[in-house]
Amino acid sequence: MEQALRVNKDRLWSSLMEHARIGGTADGGINREALTPEDGAGRDLFAAWCRDLGMEVAVDALGNMFATYAGTDDSLLSVAMGSHLDTQPCGGKFDGVLGVLAGLEVVRALHDAGIRTKRPLTIINWTSEEGSRFVPSMAASGVYSDIFTMDEAQGWQDREGIGFIEALREIGYEGDEPVGQRKFDAYLELHIEQGPVLERNGILVGVVTGAQAMSFNNVSIIGREAHAGTTPMNMRLDPVAAFTRIAAACYEKADATEDARFTIGLIETTPASHSTIPHRLNFTLDLRHPKASVLAELIATYEAAADRERARGYQIAREEFGASPELVFDARCIDAVRQAVRDCGYPSMELVSGAGHDAVYVTHVCPTAMIFTPCKGGVSHNPAESITPEEAEAGANVLLQAAVRLANA
Ligand SMILES: [Zn+2]
């Protein structure tokens with residue numbers, strides 16, 4: 001009986017649209033940054049919808065919300081589904097909220113059909129995923145997963161100096177439950193892809209098997225400042241020239257390496273004057289690959305290119321300010337998603353997440369997998385972020401079938 005069960009597409013879509021009014025902007029986007037009054041209102045609406053289904057809503061000390069639909073054996077750990085309700089200041093209607101409201105739609109479909117799974121089901125809203133008002137990103141799922149500590153959380157502040165805990169109290173979402181105390185049998189997160197791969201391949205559902213390894217770096221190259229008009233080319237130590245050779249070597253390697261992601265997002269020279277050869281150039285190096293071993297090869301390519309420039313007399317330093325290891329999600333959870341896709345008959349493909357998500361932290365403490373839906377043009381963190389009702393429905397159906405499979409096992 002459960003295997004034939006499907007979500008209600010229209011109800012899911014109208015809930016997404018109703019929720020999108022909270023923090024909605026004139027250009028069709030959403031501004032619902034973490035722990036603002038809009039975030040509070042978005043939480044209130046979600047909690048009210050859960051209580052309508054007889055669910056119990058608990059809140060932990062960092063405002064993570066856990067809405068639980070009882071199973072037939074509540075001595076067993078819950079199967080959890082969720083994501084985040086906060087947005088970027090110029091965010092869209094689906095990043096995060098889709099995963100939470102699809103979880104709600106799963107419970108609504110079960111409730112309508114009078115079905116209880118063996119294990120309870122819990123829908124989670126993780127606090128402050130976006131990292132736009134409060135740094136870091138994936139903040140409260142990070143504390144839940146022992147990536148950050150409560151002591152660190154006490155020190156988080158926004159640009160106005162308002163503390164995270166203070167803001168949490170202000171919107172009435174500082175709960176009693178210690179963060180990380182509540183355990184789950186499994187966690188499933190449905191999210192928009194935030195990239196163009198599914199759409200380009202005409203695929204409705206992505207089975208996300210893990211997250212790629214990442215390395216974020218600041219690099220500085222120091223040469224010698226000199227006059228642009230009087231210094232012959234062969235007598236210069238120009239850090240821009242060194243930079244172009246290093247960048248060219250890295251681009252060549254990245255272009256020839258399948259699934260590599262290589263980005264120089266910031267370049268600055270000092271001094272910045274058209275008539276002066278700068279003495280210093282700083283740039284960022286963002287390197288990603290599904291395999292840590294291949295990421296190491298990309299870094300080695302950079303290092304070899306930097307060494308060639310050092311031999312010419314440049315001083316070059318690289319500081320890694322962020323890194324994330326290669327992650328593989330839980331085999332049992334991935335299999336549940338694969339089986340759900342097959343049951344529903346959707347065209348699907350397997351991929352790794354290119355971006356960070358709450359699931360990327362939660363997988364450290366709980367068996368986890370993710371489901372992606374396509375998004376138009378791969379656009380996210382933008383008012384133009386767009387998916388179709390059919391895409392939302394497909395993702396939610398896979399979430400439903402995977403969660404029921406895990407919860408009845
Ligand atoms: Zn998100």
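Since the model is a prediction, treat every value here as computed from it, not as a measurement. When a residue number appears, it is its place in the shown sequence, counting from 1. Remember, it's 1-based here, ligands and their atoms both numbered in the order they're listed. Heavy-atom basis, side chains included; hydrogens, waters and symmetry copies ignored.
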Novice: Between R405 and D343, does any side-chain N to carboxylate O distance fall below 4.0 Å?
Specialist: yes

Novice: State whether D185 and R332 are salt-bridged, where the test is any N-O pair (Lys NZ or Arg NE/NH1/NH2 against Asp/Glu carboxylate O) under 4.0 Å.
Specialist: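 Between R332 and D185 there is a salt bridge, with a charged N closer than 4.0 Å to a carboxylate O.
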
Novice: Report the residues that fulfil ring pair (Phe, Tyr, Trp, His ring centres under 6.0 Å) with H19, sequence neighbours left out, ordered by chain and then residue number.
Specialist: none

Novice: Applying ring pair (Phe, Tyr, Trp, His ring centres under 6.0 Å), can you list everything that pairs with Y361, at least two apart in sequence or on another chain?
Specialist: F148

Novice: Could you grab the protein N, O or S atoms closer than 2.8 Å to the Zn ion (ligand 1) for me?
Specialist: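 Only H84 NE2, D95 OD1, H191 NE2 fall inside 2.8 Å of the Zn ion (ligand 1).
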
Novice: Indicate whether the side chain of E18 and that of S15 have a donor and an acceptor atom separated by less than 3.5 Å.
Specialist: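 There is no such pair between these side chains.
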
Novice: According to side-chain contact (heavy atoms from CB on, under 4.5 Å), who are the partners of A211, at least two apart in sequence or on a separate chain?
Specialist: L327, S353, V360

